[in-house]
Amino acid sequence: MSRIGKKAVELASGVSASVSGQTIEVKGPKGTRSFKASDDVTITVDGQSVSVEPRGKSKRARQQWGMTRTMIANLATGVTEGFKKELEINGVGYRAQMQGKTLKLALGYSHDVNFEVPDGITVTAAKPTEITVEGIDQQLVGQVAANIRAWRKPEPYKGKGIKYKDEYIFRKEGKKK
């Protein structure tokens with residue numbers, strides 16, 4: 001039995017959900033998101049709660065049960081609060097700034113890195129060493145943050161690079177004489 005799947009997803013006020021076939025669409029103050037569930041689960045909307053039930057007792061149905069419930073909960077969170085990833089830049093001369101829909105990164109290369117921000121994502125650089133990625137799609141927010149971080153991953157000796165704000169960089173000792 002899925003412990004996660006058993007719980008119904010409670011929708012906040014101002015959020016509505018509608019099911020057509022296996023597709024659920026959630027509308028809220030920040031926008032609209034939809035998710036197409038597999039045929040192994042049944043989705044029902046009762047007022048301000050959404051519940052998911054497996055069709056049958058197969059292993060796949062039980063796997064999809066918990067995953068579908070989590071995806072619906074993420075849709076509801078995205079259209080109400082949104083998702084946010086914070087990045088930190090460490091290193092002498094490393095900095096970031098926004099220019100329209102482009103994030104300009106100076107990361108020690110011979111040229112500046114121009115990162116085009118996709119639609120549905122808001123990137124802000126309040127300080128030259130801090131980047132905030134926000135949006136209603138959790139997967140897209142995480143992917144954009146990972147793509148920005150991939151330009152200069154933090155190295156273990158001096159800790160230079162782009163890291164997540166809550167990330168711990170395991171530091172190594174340098175060479176000895």
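We count residues from 1, following the sequence as given.
Contact check on E167 versus K165 returns no salt bridge, with no Lys/Arg side-chain nitrogen under 4.0 Å from an Asp/Glu carboxylate oxygen. With salt bridges taken as basic N to acidic carboxylate O contacts below 4.0 Å, none links R55 and D40. Looking at K163 and E88, a side-chain N of the basic residue comes within less than 4.0 Å of a carboxylate O on the acidic one, giving a salt bridge. With respect to R152 and E155, no salt bridge is recorded, no charged nitrogen being found less than 4.0 Å from a carboxylate O.
Counting only heavy atoms from C-beta outward, the side chains of E25 and T32 approach each other to under 4.5 Å. Considering only heavy atoms from C-beta on, I24 stays 4.5 Å or farther from T68 through its side chain. At least one side-chain heavy atom of R33 sits under 4.5 Å from a side-chain heavy atom of D137. Side chains of K84 and V141 form no contact here, defined as non-hydrogen atoms less than 4.5 Å apart. Side-chain contact between Q63 and S58 is absent, with no heavy-atom pair separated by less than 4.5 Å. Counting heavy atoms from C-beta outward, V123 and E134 have side chains that stay 4.5 Å or more apart. N90 is not listed as a side-chain neighbour of T129, based on a closest heavy-atom distance of 4.5 Å or more.
Following chains of ILVMFWY side-chain contacts shorter than 4.5 Å, one cannot reach L87 starting from I169, and the two form parts of different hydrophobic clusters. Y94 and V92 fall into different hydrophobic clusters, where Ile, Leu, Val, Met, Phe, Trp and Tyr residues are linked whenever their side-chain heavy atoms come under 4.5 Å apart, directly or through other members. Side-chain heavy atoms closer than 4.5 Å link hydrophobic residues (I, L, V, M, F, W, Y) into clusters, and following such links, even through other members, never connects I72 to L140. Tracing side-chain contacts under 4.5 Å through hydrophobic residues (I, L, V, M, F, W, Y), one reaches M71 starting from V79; they form part of the same cluster.
For the pair R69 (side chain) and K7 (backbone), a donor-acceptor distance under 3.5 Å is present. A side-chain donor-acceptor contact under 3.5 Å links Q48 to the backbone of A12. A side-chain donor-acceptor contact under 3.5 Å links Q22 to the backbone of S38. With hydrogens and angles ignored, the 3.5 Å screen pairs a side-chain donor or acceptor of R171 with a backbone N or O of Y157.
Within 6.0 Å of the NZ atom in K27, the count of heavy atoms belonging to other residues, nucleotides or ligands does not exceed 12. With a 6.0 Å radius and a threshold of 12 heavy atoms from other residues, nucleotides or ligands, F170 has its CZ atom at or below the threshold. Within 6.0 Å of atom NZ in K127, 12 or fewer heavy atoms from other residues, nucleotides or ligands are found, so the atom counts as exposed in its surroundings.
The minimum heavy-atom distance between S16 and L11, with the atom names listed, is C-CD1, 4.5 Å. Shown here for F35 and L75, the closest heavy-atom pair between the two residues is CB-CD1, 3.6 Å. For F115 against W151, the heavy-atom pair with the smallest separation is CD1-NE1, 3.9 Å. S51 approaches A8 most closely through the heavy-atom pair CB-CB, 4.4 Å. Heavy atoms only, all atoms of each residue included: I136 and G31 are closest at CD1-CA, 4.4 Å. V50 and A17 get closest at one heavy-atom pair: CG2-CB, 4.0 Å.
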Under the side-chain hydrogen bond (donor to acceptor under 3.5 Å, both in side chains) rule, what do T102 and E116 come out as? Steps first, then yes or no, please.
CA-CA 5 Å; T102 305; E116 292 296 324; 3.0 Å; yes
In sequence, state the C-alpha distance, the side-chain angles, and the governing distance for V19 and T44, and then conclude on side chain to side chain contact (heavy atoms under 4.5 Å, CB included).
CA-CA 7 Å; V19 178; T44 53; over 6 Å; no
Stepwise, does the side chain to side chain contact (heavy atoms under 4.5 Å, CB included) test hold for L107 with I162?
CA-CA 9 Å; L107 299 172; I162 303 173; 3.9 Å; yes
Checking side chain to side chain contact (heavy atoms under 4.5 Å, CB included) for the pair F83/T77: CA distance, chi angles, key distance, verdict?
CA-CA 8 Å; F83 294 99; T77 304; 3.9 Å; yes
Please walk me through it: do T122 and V117 pass side chain to side chain contact (heavy atoms under 4.5 Å, CB included)?
CA-CA 8 Å; T122 308; V117 179; over 6 Å; no
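Rounding to the nearest 0.5 Å gives a distance of 12.5 Å between NZ of K59 and CD of Q64. Here the CG-CD distance, from L105 to Q97, works out to 9.5 Å after rounding to the nearest 0.5 Å.
For the residue pair T23/S34, the side-chain donor-acceptor check at 3.5 Å is not satisfied.
A cation-pi geometry, defined here as NZ or CZ lying under 6.0 Å from the six-membered ring centre and within 45° of its normal, holds between K85 and Y164.
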